[in-house]
Every structure is written in C-alpha cells, then in structure tokens.
Amino acid sequence: MHTNWLLETATTATTDAAAATTATGGFAEMIPSLLLMVAMIAVFYFLLIRPQRKKDKAVKDMLAALKVGDRVCTIGGIYGTVTAIKDDTVTLTVGAPKTPMVMARWSIRSVEDAPLENDAEPQV
C-alpha cells in the first residue's frame with residue numbers, strides 16, 4: 001500500500017507539471033495568431049474605416065454648407081441651381097425654362113464650381 005501512495009503522488013505531480021507546461025506553452029503559441037488578428041484589424045481600420053469616415057464627414061459638411069445660388073449635381077445626374085433650402089429638402093431650378101424641382105438634401109452629390117453651358121441663353 002505504501003508504494004501505491006508513492007506512485008500516485010509521483011503521477012499526480014507529473015500530471016500537474018505537464019498541465020502547467022501545456023498551459024504556458026499554449027499561451028505562447030497563441031501570441032503570433034493574436035498579433036496577426038491585431039494587425040488585420042489595424043489594416044482594416046486604416047484602409048477601409050478611416051477613409052470612409054473622412055469621406056462621410058466631407059459629404060456631411062458639404063450638405064450643411066449648401067446655400068441659395070449654389071450650382072449642384074444630384075446623385076441622379078441632374079444639374080441645377082439651389083433656389084430654396086428647408087430642413088431636409090432643397091429646391092433646384094433646372095434647364096432653360098427654370099423648372100423648379102424639390103429634392104431631398106441627401107440627394108445632392110456635389111457642388112459645382114463652374115457654370116453649366118446648357119443653362120445659358122441660346123445665342124442666335
């Protein structure tokens with residue numbers, strides 16, 4: 001009986017030491033994959049998320065700075081001049097007959113710098 005107790009104690013001590021080594025070695029093996037995950041998140045942030053946030057902020061600032069008289073292009077490709085602005089709507093005049101169109105503010109794609117040649121009076 002005395003030898004069985006000694007054998008059980010030695011086996012338990014060996015098992016505990018192996019478990020401790022495996023736990024420490026397991027964490028050491030996880031470090032490279034953990035670093036890879038952090039690197040992938042950083043790449044996604046700097047290549048995808050950050051530029052999109054900058055672009056969204058620029059569009060938001062452009063829409064907030066709209067004023068009467070601005071030449072704009074809508075997301076549908078319609079060019080016009082802003083004649084009135086309400087909360088979420090913009091009234092544009094389009095074409096030679098100055099046709100008014102009411103559009104959603106978010107539908108403005110860009111503010112144009114140069115006047116359009118199509119809106120000019122025809123020269124005879």
Going from CD1 on I75 to CE on M103, what distance comes out if it is rounded to the nearest 0.5 angstrom?
7.5 Å
Would you say F27 and L35 are hydrophobically clustered, going by side-chain heavy atoms of ILVMFWY under 4.5 Å?
yes
Please tell me whether L34 and L36 are part of a single hydrophobic cluster in this structure, the criterion being side-chain heavy atoms less than 4.5 Å apart.
no
Minimal heavy-atom distance between I108 and L66, with the atoms involved, is CG1-CD1, 4.0 Å
Kindly compute the distance separating CG (L92) from CD1 (I78), expressed to the nearest 0.5 Å.
8.0 Å
Are V68 and V90 connected into the same hydrophobic cluster when the rule is that any two of I, L, V, M, F, W, Y join if their side-chain heavy atoms are below 4.5 Å apart?
no
Using a 4.5 Å cut-off on heavy atoms from C-beta on, say whether the side chain of T99 contacts that of T93.
no
Going from OG on S107 to CE on M101, what distance comes out if it is rounded to the nearest 0.5 angstrom?
9.0 Å
Is there a donor-acceptor contact under 3.5 Å from the side chain of R71 to the main chain of Y79?
no
The criterion is salt bridge (Lys or Arg N to Asp or Glu O under 4.0 Å); which residues satisfy it with K54, sequence neighbours excluded?
none
Working to the nearest 0.5 angstrom, can you tell me the gap between Y45 OH and Q52 CD?
13.0 Å
Say you draw a straight line from CZ of R109 to OG1 of T74; how long is it, rounded to the nearest 0.5 Å?
7.0 Å
Closest heavy-atom contact between C73 and E112?
CB-OE2, 3.5 Å
Indicate yes or no: does K60 engage D56 in a salt bridge with an N to O separation below 4.0 Å.
no
Can you confirm whether more than 12 heavy atoms, excluding those of R50, are under 6.0 Å from its CZ atom?
no
How long is the gap from OG1 on T83 to NZ on K98, to the nearest 0.5 Å?
10.5 Å
Only one of T91, D70, V111 clears side-chain contact (heavy atoms from CB on, under 4.5 Å) with V82; which?
D70
